[in-house]
Amino acid sequence: MIEQNLQQAVAGALKRLYGIEVSPDTVVLQATKKEFVGDYTVVVFPYVKQARKSPEQVANELGAAVKETVAEVADFNVIKGFLNFSVDDAYWVRFVSDEAADPDFGITKPNPSASPVVVEYSSPNTNKPLHLGHIRNNLLGWSVSELLAANGANVKKVNLVNDRGIHICKSMLAWLRYGNGETPESSGMKGDHLVGKYYVEFDKHYKEEVSQLTAQGMDEEEAKKQAPLMVEAQQMLKRWEEGDPEIRDLWTKMNGWVYAGFDETYRKMGVGFDKIYYESNTYLLGKELVQKGLDMGVLFRKDDGSVWCDLTADGLDQKLLLRRDGTSVYMTQDLGTALLRHNDFGAEQLIYVVGNEQDYHFKVLKLILGKLGFGWADKVYHLSYGMVELPNGKMKSREGTVVDADDLIAEMEVTAEEMCRDHGKNDDMTPEQLKELYHDLAMGALKYFILKVDPVKNMLFNPAESIDFNGNTGPFIQYTHARIRSIVRKAEEQGVSLTASLAAPAALTDKERAVVKSLHDLPATLSAAAANYSPAMVANYAYDLAKNFNSFYQDTPILRETDANLRLFRVKLCALVSVALKNTLRILGIVAPERM
RNA sequence: GGUUCCGUAGCUCAGCUGGAUAGAGCAACUGCCUUCUAAGCAGUAGGUCCUGCGUUCGAAUCGCAGCGGAAUCACCA
């Protein structure tokens, strides 16, 4: 690539001219700001001291030397210590011509024989439906997986469903008590919502019991433990663990409802998994690891029989791994599932897409895996993301401000339909096609809105802004794609072939060059985004490219261009932009419609 | 209280390993559809980059301190 050539040429010139030895990749090369002439800029300040010349002198000498050695450099200019290179338009034209017919432009195909990267995301509890927080998790997990795959990784997506524990017992108990045998079929409710309803029901009655007990003078902590519903839920969990068939049957039935509901939501979100783990199958794992750790001397047992890991040397506390009754805790299970997953896939890397409230947990998990002697521990990566907040603060189930995933998607689809109706551009499409389009646009808006934000940051979800289809939004990019596809289709009808050979046009316009350069950045952007586990970088790239294209499109004739060669170049340019948009949107999980 | 993360325009966000006069979108205002999709384009206005000190030729970016916000510090998951 031209960037590396320039860096090498600069490094070579530094050595020849001044005897300064630098590694080419340390040469600071950046895109020239648009108020200056040029494409790439080298900052020469770091070398002026050793060169013992003024910045301008160094820049001029370097510029002349590089221009001699790099054929693609057409010219250079110097402003203070900034050396701006102009790349020959022939280079850009050749680039477009070479890539225009490649549907995988920018993408490195996954290598199926490579050691897998296992990405865990979603990981819901089965006691209530998915909400906005899960949406960020699912979209991030899917997108990061696609992003890594687009950089050649052999990605396996996994889900660890938390299908056991006290929470599901609460729903089960409430359903037995108050449900009157209600089913998804009898109520017409989605299974996960139905089970969620009884989880809420439990909470309601439980709170009543607690307040009754405290009214009788009982301490609140004590009341929470003594409340009959809680006691019964605990007993139910115990019976579950003992394998009581009655409880197990009910559990299987209600979880089945939830899975059916989740599947529907996952399908609408367009996410999926290569393997689903169930905590009911994995929660006993990890104990052997604890024994191994004890044998190795990296864990220790306290007098009461509980087992701990001492992390004080790492600046953390002691961490419990087995309770004094010998049962495992979350960390123990996660150690077990990490090893299981590593072995299941022969994984090279494990990635966990989990909210930042678990930063501490994963820091500890990595440390303990390392202490247990697993070399792959340092390849465990916690993709930590910030909370989603609403304009009036955090989501609180108590205050009924939780944004339900299914409701949100349905609302977005309604909005998309209204927008399309207003524009009236698709009146000839079939009802099925329209439905698909509404869904694609709704999800485009939602996904882009969430993914464009840097994962580490908390983000504000403003419902009014999320359904905006103008400006820096998913539909804006989808629209740009659809417009381009329309042009390319027409070009093909007119007999323009994307594989036809191209002579170099006389000179590119500024807007053409801006679009080409933006395209040229795609491979580097994707690899940087993958290195940072950041779909946001992909989203921002796609927006930038779309904006550059629209500006070009606005005042440049394409099919109306009379010079056949120039028309061919512009059609190829259009085609390549559509491919770049389609591929980047796909990484974000967003469909790029052919028309809208 | 300890630890971690965040703080950029009225609002939501970009700003890559330090580099030129800090950028978008929304909201406000002005123009542009008999011509390839106006979900678009062009423009105006809007900034103590939380504060201070330090490192550097150069700091929104790195370091330290402080302020503000969030998360976490369970024999919960």
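Chain naming here is simple, since letters A, B, ... match the order of the sequence lines and numbering starts at 1 in each.
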(message) Check for me: is A:Phe476 stacked on B:A39 by the 5.5 Å centroid and 30° plane-angle rule?
(response) no
(message) Could you tell me how far B:C53 sits from B:C6 if I compare only their P atoms? Round to whole Å.
(response) 23 Å
(request) Just call it for A:Ala482: base, sugar-phosphate, or nothing, with non-hydrogen atoms closer than 4.0 Å on any strand. (result) base
(request) Decide, applying a 5.5 Å centre-distance limit and a 30° plane-angle limit (both strict), whether A:His167 stacks on B:A77. (result) no
(message) I want to verify a distance call: between B:A20, B:U37, B:G19, whose nearest atom is closest to the A:Phe45 side chain?
(response) B:G19
(request) May I ask you to verify if any side-chain N or O of A:Arg323 is less than 4.0 angstrom from the OP1 or OP2 atom of B:C76? (result) yes
(message) Judged by each residue's nearest nucleotide on RNA chain B, which is more toward the 5′ side, A:Arg595 or A:Phe36?
(response) A:Phe36
(request) Give the nucleotide from the list B:A14, B:A77, B:C36 with an atom nearest to the side chain of A:Ile487. (result) B:C36
(request) Give one of base, sugar-phosphate or nothing for A:Val43, where a contact means two heavy atoms less than 4.0 Å apart. (result) base
(message) Would you compute the distance between atom CD1 of A:Ile2 and atom OH of A:Tyr40 and round it to the nearest 0.5 angstrom?
(response) 6.5 Å
(request) Have a look at A:Asn127 and say if it touches a base, only the backbone sugar-phosphate, or nothing, with a 4.0 Å heavy-atom cut-off. (result) nothing
(message) Rounding to an integer number of angstrom, what distance separates B:C50 and B:A14 when you compare their P atoms?
(response) 14 Å
(request) Give a yes-or-no answer on whether the side chains of A:Asn84 and A:Thr41 include a donor-acceptor pair shorter than 3.5 Å. (result) yes
(request) Taking only the side-chain heavy atoms of A:Asp359 (C-beta and beyond), determine which of B:A20, B:U4, B:A77 contains the nearest atom. (result) B:U4
(message) Categorize A:Cys574 for me: base, sugar-phosphate, or nothing, with a 4.0 angstrom heavy-atom threshold over every strand shown.
(response) nothing
(message) What's the closest nucleotide to the side chain of A:Arg560 if the choices are B:U37, B:A77, B:U35?
(response) B:U35
(message) What is the distance, to the nearest angstrom, from the NE2 atom on A:His361 to the P atom on B:U72?
(response) 14 Å
(message) For B:U61, give the paired nucleotide (Watson-Crick: N1-N3 plus N6-O4 or O6-N4; G-U: N1-O2 and O6-N3; both under 3.5 Å), or none.
(response) none
(message) Once you apply a heavy-atom cut-off of 4.0 Å, does A:Tyr360 come out as touching a base, just sugar-phosphate, or nothing?
(response) sugar-phosphate
(request) Tell me which nucleotide among B:A14, B:A70, B:G25 gets nearest to the side chain of A:Asn458. (result) B:A70
(request) Can you tell me the distance, in whole Å, between the CG atom of A:Asn470 and the P atom of B:U37? (result) 19 Å
(message) If the threshold is 4.0 Å, N to carboxylate O, is there a salt bridge linking A:Glu493 and A:Arg489?
(response) no
(request) Go through B:A38, B:U72, B:A14 for me and flag the one nearest to the A:Glu357 side chain. (result) B:U72
(request) Establish whether the base of B:C13 is bridged to the side chain of A:Asp454 by a donor-acceptor pair shorter than 3.5 Å. (result) no
(request) Using a strict cut-off of less than 4.0 Å between a Lys/Arg side-chain nitrogen and an Asp/Glu carboxylate oxygen, indicate whether A:Asp510 and A:Arg513 qualify as a salt bridge. (result) yes
(message) Under 3.5 Å for both donor-acceptor distances, Watson-Crick or wobble: does B:A70 have a partner, and if so which one?
(response) B:U4
(message) If the cut-off is 4.0 Å, is A:Ser486 near the phosphate of B:C36, judged by side-chain N/O to OP1 or OP2?
(response) no
(request) Give one of base, sugar-phosphate or nothing for A:Pro46, where a contact means two heavy atoms less than 4.0 Å apart. (result) base
(request) Look at A:Lys366 together with A:Asp314 and state whether they make a salt bridge at an N to O cut-off of under 4.0 Å. (result) no
(request) Look at the side-chain N and O atoms of A:Lys34 and state whether any lies under 4.0 Å from the OP1 or OP2 oxygen of B:G23. (result) no
(message) Could you tell me how far apart A:Leu460 (CG) and B:U8 (P) are, to the nearest whole angstrom?
(response) 13 Å
(message) Considering every strand and a 4.0 Å limit on heavy-atom distances, what is the contact class for A:Ser551: base, sugar-phosphate, or nothing?
(response) sugar-phosphate
(message) Once you apply a heavy-atom cut-off of 4.0 Å, does A:Phe449 come out as touching a base, just sugar-phosphate, or nothing?
(response) nothing
(request) Quote, to the nearest angstrom, the P distance that separates B:A74 from B:U3. (result) 16 Å
(request) Using only heavy-atom distances, decide whether a donor-acceptor pair under 3.5 angstrom links the side-chain of A:Asn550 to the base of B:A42. (result) no
(message) Work out how far the C1' atom of B:C13 is from that of B:A60, and round it to whole angstrom.
(response) 15 Å
(request) May I have the distance from A:His423 (atom NE2) to B:C33 (atom C1'), rounded to whole angstrom? (result) 13 Å
(message) Using ring centroids (six-membered ring only for Trp), state whether A:Tyr283 and A:Trp240 fall under 6.0 Å.
(response) yes
(message) Among B:G25, B:A39, B:A38, which nucleotide has an atom closest to any side-chain atom of A:Arg483?
(response) B:A38
(request) Round to the nearest Å and state the distance from A:Met459 atom CE to B:C6 atom P. (result) 17 Å
(request) Name the nucleic acid region contacted by A:Asp555, choosing base, sugar-phosphate or nothing; use a 4.0 angstrom heavy-atom cut-off, strictly under. (result) nothing
(request) Indicate, with yes or no, if the rings of A:Phe45 and A:Phe82 have centres closer together than 6.0 Å. (result) yes
(request) Classify the nucleic acid contact of A:Asp317 as base, sugar-phosphate or nothing, counting any heavy atom under 4.0 Å across all strands shown. (result) sugar-phosphate
(request) Answer yes or no: side-chain N or O of A:Thr41 and base N or O of B:A20 forming a donor-acceptor pair under 3.5 Å. (result) yes
(request) Looking only at side-chain atoms of A:Glu465, point me to the closest of B:U72, B:G40, B:U12. (result) B:U12
(request) Report yes if a side-chain nitrogen or oxygen of A:Lys490 is closer than 4.0 Å to either non-bridging phosphate oxygen (OP1 or OP2) of B:U37; otherwise report no. (result) yes
(message) In whole Å, I'd like the distance from the CZ atom of A:Phe552 to the P atom of B:C36.
(response) 15 Å
(message) Just N and O in the side chain of A:Lys49: are any of them under 4.0 Å from OP1 or OP2 of B:C57?
(response) yes
(request) Take the protein atom NZ of A:Lys452 and the nucleotide atom C1' of B:A24, then report the distance between them rounded to whole Å. (result) 9 Å
(request) Look at the side chain of A:Asn356 and decide which nucleotide, out of B:A20, B:U37, B:A71, has an atom nearest to it. (result) B:A71
(message) Using heavy-atom distances to pick each residue's nearest nucleotide on RNA chain B, tell me which of A:Arg164 and A:Glu389 is more 5'.
(response) A:Glu389
(request) Write down the distance separating the P atoms in B:C11 and B:G7, rounded off to the nearest Å. (result) 15 Å
(message) Whole angstroms only, please: what is the CZ-P distance between A:Arg485 and B:U37?
(response) 13 Å
(message) Would you say A:Lys457 places a side-chain N or O within less than 4.0 Å of OP1 or OP2 belonging to B:A14?
(response) yes
(request) Report which part of the nucleic acid A:Met596 touches: base, sugar-phosphate, or nothing (heavy-atom distance under 4.0 Å, all strands). (result) base
(message) Would you say the base of B:G40 stacks on A:Tyr479 (centre-to-centre below 5.5 Å, plane angle below 30°)?
(response) no
(message) With a 6.0 Å cut-off on the ring centroids, do A:Phe476 and A:Tyr479 count as close?
(response) no
(request) Pick base, sugar-phosphate or nothing for A:Leu322, based on heavy-atom distances below 4.0 Å to the nucleic acid. (result) nothing
(request) Would you classify A:Thr556 as touching base, sugar-phosphate or nothing, given that sugar-phosphate means primed atoms plus P, OP1 and OP2, and contacts are heavy atoms under 4.0 Å? (result) base
(message) For A:Tyr47 and A:Tyr18, I'd like to know if the aromatic rings sit close, meaning centre-to-centre distance below 6.0 Å.
(response) no
(request) Determine, for A:Glu417 against A:Arg421, whether the closest basic-nitrogen to carboxylate-oxygen distance falls under 4.0 angstrom. (result) yes
(request) For B:C36 and B:C16, measure between their C1' atoms and round to the nearest Å. (result) 36 Å
(request) Go through B:A77, B:C41, B:C75 for me and flag the one nearest to the A:Asn162 side chain. (result) B:A77
